[in-house]
Amino acid sequence: MNWFLLIIAGLFEVGFATCLGKAREAQGSATVGWYVGFLVCLTLSMILLVKVTKELPIGTAYAVWTGIGAVGSVLVGIFVFKEPATFWRVFFLSTLILSIIGLKFVASHD
């Protein structure tokens, strides 16, 4: 269950990064809505991260959380904000994903 909550926390991290990007593009009162979304996602992400670190090793949980956020934010950048998907960007994104999987694997065998 903790791993599931950690994934949800990482997805909320992607949510707050996405809200920041959308707030940058928005005008008028829409900007406020995106900043409210940012604060909601940030709060939920942190609450879930605190909860899972009571059971999972802090180093592993934090690395997986930031990794999910980083991978998700890059993917949102590519698909939503039309950022470039260069070879090296995708290559290093792939290594990050493999590292997250590796951390989960070794954490479950400690």
Side-chain angles (χ1 to χ4, degrees):
M1 182 65 161
N2 285 310
W3 284 102
F4 175 73
L5 293 177
L6 184 58
I7 291 168
I8 299 301
L11 293 175
F12 275 117
E13 186 182 5
V14 175
F16 74 71
T18 302
C19 287
L20 283 177
K22 288 298 209 176
R24 184 184 62 199
E25 294 177 347
Q27 295 180 0
S29 62
T31 305
V32 174
W34 287 111
Y35 283 126
V36 169
F38 164 79
L39 291 173
V40 169
C41 288
L42 177 66
T43 301
L44 291 171
S45 184
M46 292 296 163
I47 288 169
L48 290 172
L49 181 62
V50 168
K51 180 173 177 33
V52 301
T53 57
K54 292 178 181 176
E55 299 294 325
L56 299 176
I58 184 76
T60 301
Y62 184 75
V64 170
W65 177 76
T66 57
I68 292 168
V71 169
S73 296
V74 169
L75 292 175
V76 167
I78 291 169
F79 292 112
V80 175
F81 297 109
K82 306 300 182 214
E83 295 174 356
T86 63
F87 170 80
W88 288 112
R89 206 165 177 204
V90 173
F91 172 79
F92 286 116
L93 187 63
S94 300
T95 62
L96 184 55
I97 292 167
L98 290 173
S99 296
I100 293 167
I101 292 168
L103 280 170
K104 188 207 178 303
F105 179 74
V106 298
S108 63
H109 287 82
D110 285 342

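- In terms of heavy atoms, Leu49 sits closest to Ala61 at CD1-O, 4.2 Å.
- Scored by the ring pair (Phe, Tyr, Trp, His ring centres under 6.0 Å) test, Phe92 finds Trp88 as partners (sequence neighbours excluded).
- For the side chain to side chain donor-acceptor pair (under 3.5 Å) test, residues two or more places apart in sequence or in another chain that qualify with Glu83 are Arg89.
- Looking only at distances, a side-chain donor or acceptor of Thr53 sits under 3.5 Å from a matching main-chain atom of Val50.
- The heavy-atom pair separating Gly69 from Ser73 by the smallest distance is O-OG, 2.7 Å.
- Side-chain contact check for Leu93 versus Leu75: some heavy-atom pair is nearer than 4.5 Å.
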Please set out all donor-acceptor pairs under 3.5 angstrom arising from side-chain atoms of residues 8-30, sequence neighbours excluded.
{"unit_1": "Thr18", "atom_1": "OG1", "unit_2": "Val14", "atom_2": "O", "d": "2.8"}

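- Criterion: ILVMFWY side-chain heavy atoms under 4.5 Å apart, direct or through other members. Under it, Trp3 and Ile97 are part of a common hydrophobic cluster.
- Residues Val64 and Ile58 do not share a hydrophobic cluster, defined by chaining ILVMFWY side chains whose heavy atoms lie under 4.5 Å apart.
- Under the 4.5 Å side-chain criterion, counting only non-hydrogen atoms from C-beta, Trp65 is in contact with Met46.
- Atom OG1 of Thr60 is separated from atom NZ of Lys104 by 11.0 Å, given to the nearest 0.5 angstrom.
- Ile7 contributes atom CD1, which lies 11.5 Å from atom CG of Asn2 (distance to the nearest 0.5 angstrom).
- Note on Phe81: it does not cluster hydrophobically with Val74, by side-chain heavy-atom contacts below 4.5 Å among ILVMFWY residues.
- The same ILVMFWY cluster, assembled from side-chain heavy atoms under 4.5 Å apart, contains both Val71 and Ile101.
- The environment of CZ in Phe4 is sparse: at most 12 heavy-atom neighbours from other residues, nucleotides or ligands sit within 6.0 Å.
- Atom CD1 in Ile100 sits 9.5 Å away from atom CG in Leu6 (nearest 0.5 Å).
- Under the 4.5 Å side-chain contact rule for hydrophobic residues, Leu98 and Phe105 do not share a cluster.
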